Amino acid sequence: MKKAALFLAVLLTLTGCRNGSWLDSGVDVSEIDYEQGVSWVDIPDSLIANPEIIALSGSYFGWSEQSGETPFILVDRKTGSTLTNVRRGRQENEVLNVNQFLATGDSSFAVMDNFKKRMTVYSVGEGGLLPVQSVPIDEYTTACALGDTLVGVLSGGDARYRTRKMDGTVLSDFGDYSQYGLNTEVGSGLMQGHLQVNGTLGRMASYSYYAGCYEIVDFVKGETVCSVLLEEMPFDENEGHFATMRPDSKVSFVSLSSSGDYLFALYDGKELKHYIEHPGLAPSGNHVCIFDWNGKYLACLHSALPVRSLAWDQVTGRLCLCVLTESGQYRFCFVDIPAWLK
């Protein structure tokens, strides 16, 4: 069953955007100056292979790797020493796939493994990275850890979101996909993506990887703050069981981070057929879109170089980017956000 017409109708109702012009629709767009406007991170090229998610704490600079024996790497920001003792695999205390990678403290990190359906919190100790807590997350497509609470997107059932304690105690289920005419099974697959949580505001942001939409919810009140569909996203519903994207569907938000005031979403915008025709090419974007926690689109940073991922750094008050340089090597750098946002 095709849903393109439905998505277009919702699009015009929610946003009024046309022909994908939302990227530069009335917001400040500034160019990233890679010659003089960024600070390159001094990490040996040999450590960086196929990076994906960046995770930063006060003491450590971390990122996940899509392939290889090491699923994620931490570098001490003062000494430059590396922590790579966690291995990729199916055994106990090994990680198969990193879906979420977030700093939960100065020397602790939460890793969501969506293949093994577990959220594990690691802490830096004398023996390297040590697992201090591991909980099953079978009901989630993706989730974030906030203290002893998980907030995330459900893969089935009647609700879209769930908050629960690490011990499994459910606090609340809320939200759905009814405004898009979708059930949870189809909606959770179509709108899966990246999450960020703001504990001070009690809000969670969900930016879709495929569907060109985002939603911000108040997970304390169980209410939707805003829900925006930015562009038409054709797909096949498969009799209500799951969503299948088409070659002309666009890849949307491929990375997401946040500060206490803003959300930073990396937009790709290339059609799926581009990646089908270039196997092995990692998704990337050239537009860093900045929103506030009410969902208002404020500004955009344009990058001439492909950006693989991003993360806000609380220490420097700058945005960290993983870029693919002209030499074909991934490198990390820090860039300022527009001065009027500070």
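Quick caveat: nothing in here was measured; it's all calculated off a predicted structure.
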Pair up each side-chain donor or acceptor in residues 143-156 with any protein partner under 3.5 Å, not counting sequence neighbours, and list the distances.
from	atom 1	to	atom 2	distance (Å)
Asp148	OD1	Lys165	NZ	3.3
Ser155	OG	Glu139	O	3.2

Item to complete: Run through Arg164, Arg162, Arg160 and flag the one making a salt bridge (Lys or Arg N to Asp or Glu O under 4.0 Å) with Asp173.
Response: Arg162
Fill in: Separation between CG of Leu310 and OG of Ser255, rounded to the nearest 0.5 Å
4.0 Å
Discussion item. Ring centres under 6.0 Å, that's the criterion: do Tyr262 and Trp312 meet it?
Written reply: no
N/O donor to acceptor pairs below 3.5 angstrom from side-chain atoms of residues 317-329, sequence neighbours left out:
from	atom 1	to	atom 2	distance (Å)
Arg318	NE	Asp336	OD1	2.9
Arg318	NH1	Ser39	OG	2.8
Arg318	NH2	Phe334	O	3.4
Thr325	OG1	Ser327	OG	2.9
Thr325	OG1	Gln329	N	3.4
Thr325	OG1	Gln329	O	2.8
Gln329	NE2	Ile48	O	3.4

Worksheet entry | CD1 on Ile32 to CD on Glu35, rounded to 0.5 Å | 13.5 Å
Fill in: Nearest-0.5 Å distance that lies between atom NE2 in His278 and atom NZ in Lys273
12.0 Å
Practice prompt. State the OG-CG distance between Ser258 and Leu263, to the nearest 0.5 angstrom.
Written response: 5.5 Å
Practice prompt. Working to the nearest 0.5 Å, report the span between OG of Ser227 and CE of Met191.
Written response: 7.0 Å
Worksheet, complete the sentence: In terms of heavy-atom contacts, Asn85 and Gly127 come closest through ND2-O, 4.0 Å
Worksheet item: Between Tyr161 and Gly175, what is the shortest heavy-atom contact and its length?
Response: CD1-CA, 4.4 Å
Worksheet item: Looking at Leu23 and Cys289, what are the two nearest heavy atoms and their distance?
Response: CD2-SG, 3.6 Å
Worksheet entry | ring pair (Phe, Tyr, Trp, His ring centres under 6.0 Å) partner of Tyr207, chosen from Tyr297, Phe291, Tyr267, Phe264 | Phe291
Item to complete: Could you tell me which residues satisfy salt bridge (Lys or Arg N to Asp or Glu O under 4.0 Å) with Lys116, sequence neighbours excluded, listed by chain and number?
Response: none
Item to complete: Indicate, with yes or no, if Val75 and Tyr330 share a hydrophobic cluster defined by side-chain heavy-atom contacts under 4.5 Å among Ile, Leu, Val, Met, Phe, Trp and Tyr.
Response: yes
Fill in: Side chain Asp113, main chain Leu96, donor-acceptor under 3.5 Å
yes
Worksheet item: Is there a donor-acceptor pair under 3.5 Å between the side chain of Arg87 and the backbone N or O of Thr84?
Response: yes
Practice prompt. Using a cut-off of 6.0 Å, state whether more than 12 heavy atoms not belonging to Gln66 lie near its atom CD.
Written response: yes
Worksheet item: Are a donor atom and an acceptor atom from the side chains of Asn50 and Arg308 found within less than 3.5 Å of each other?
Response: no
Fill in: Flag, side chain of Lys270 to backbone of Ser284, donor-acceptor distance under 3.5 Å
yes
Worksheet item: Can you find a side-chain donor-acceptor pair between Thr79 and Ser81 that sits under 3.5 Å?
Response: yes
Fill in: Check against side chain to side chain contact (heavy atoms under 4.5 Å, CB included), Met119 and Val135
CA-CA 5 Å; Met119 173 79 76; Val135 296; 4.0 Å; yes
Worksheet item: Between Thr169 and Asp167, does any side-chain donor sit less than 3.5 Å from a side-chain acceptor?
Response: yes
Worksheet item: Would you call the rings of Trp22 and Phe253 parallel, tilted or perpendicular, where under 30° means parallel and over 60° means perpendicular?
Response: tilted
Worksheet item: Would you say the side-chain atoms of His194 pair up with the backbone N or O of Tyr209, donor to acceptor, closer than 3.5 Å?
Response: no
Worksheet entry | Side-chain donor or acceptor of Ser257 paired with backbone N/O of Ala311 under 3.5 Å | no
Discussion item. Whether the side chain of Arg77 engages the backbone of Leu56 through a donor-acceptor N/O pair (distance < 3.5 Å, no angle test) should be reported.
Written reply: no
Discussion item. Tell me the closest heavy-atom pair linking Phe219 and Ser172, and the distance in Å.
Written reply: O-OG, 4.1 Å
Item to complete: State the CG-OG distance between Asp106 and Ser59, to the nearest 0.5 angstrom.
Response: 3.0 Å
Discussion item. Atom CG of residue position Asp158 - does it have more than 12 heavy atoms of other residues, nucleotides or ligands inside 6.0 Å?
Written reply: no
Item to complete: Go through the steps for Val111 and Tyr122 under the test side chain to side chain contact (heavy atoms under 4.5 Å, CB included), then give the verdict.
Response: CA-CA 8 Å; Val111 177; Tyr122 292 88; 4.0 Å; yes
Item to complete: Show your working on side chain to side chain contact (heavy atoms under 4.5 Å, CB included) between Ser309 and Glu52 and close with a plain yes or no.
Response: CA-CA 6 Å; Ser309 59; Glu52 187 174 18; 5.8 Å; no
Worksheet entry | Parallel, tilted or perpendicular: rings of Phe332 and Phe61 (30°, 60°) | perpendicular
Fill in: Tyr140 versus Asn99, side-chain donor and acceptor atoms under 3.5 Å
no
Worksheet entry | Full working for side chain to side chain contact (heavy atoms under 4.5 Å, CB included) between Leu129 and Val124 | CA-CA 5 Å; Leu129 278 163; Val124 179; 4.0 Å; yes
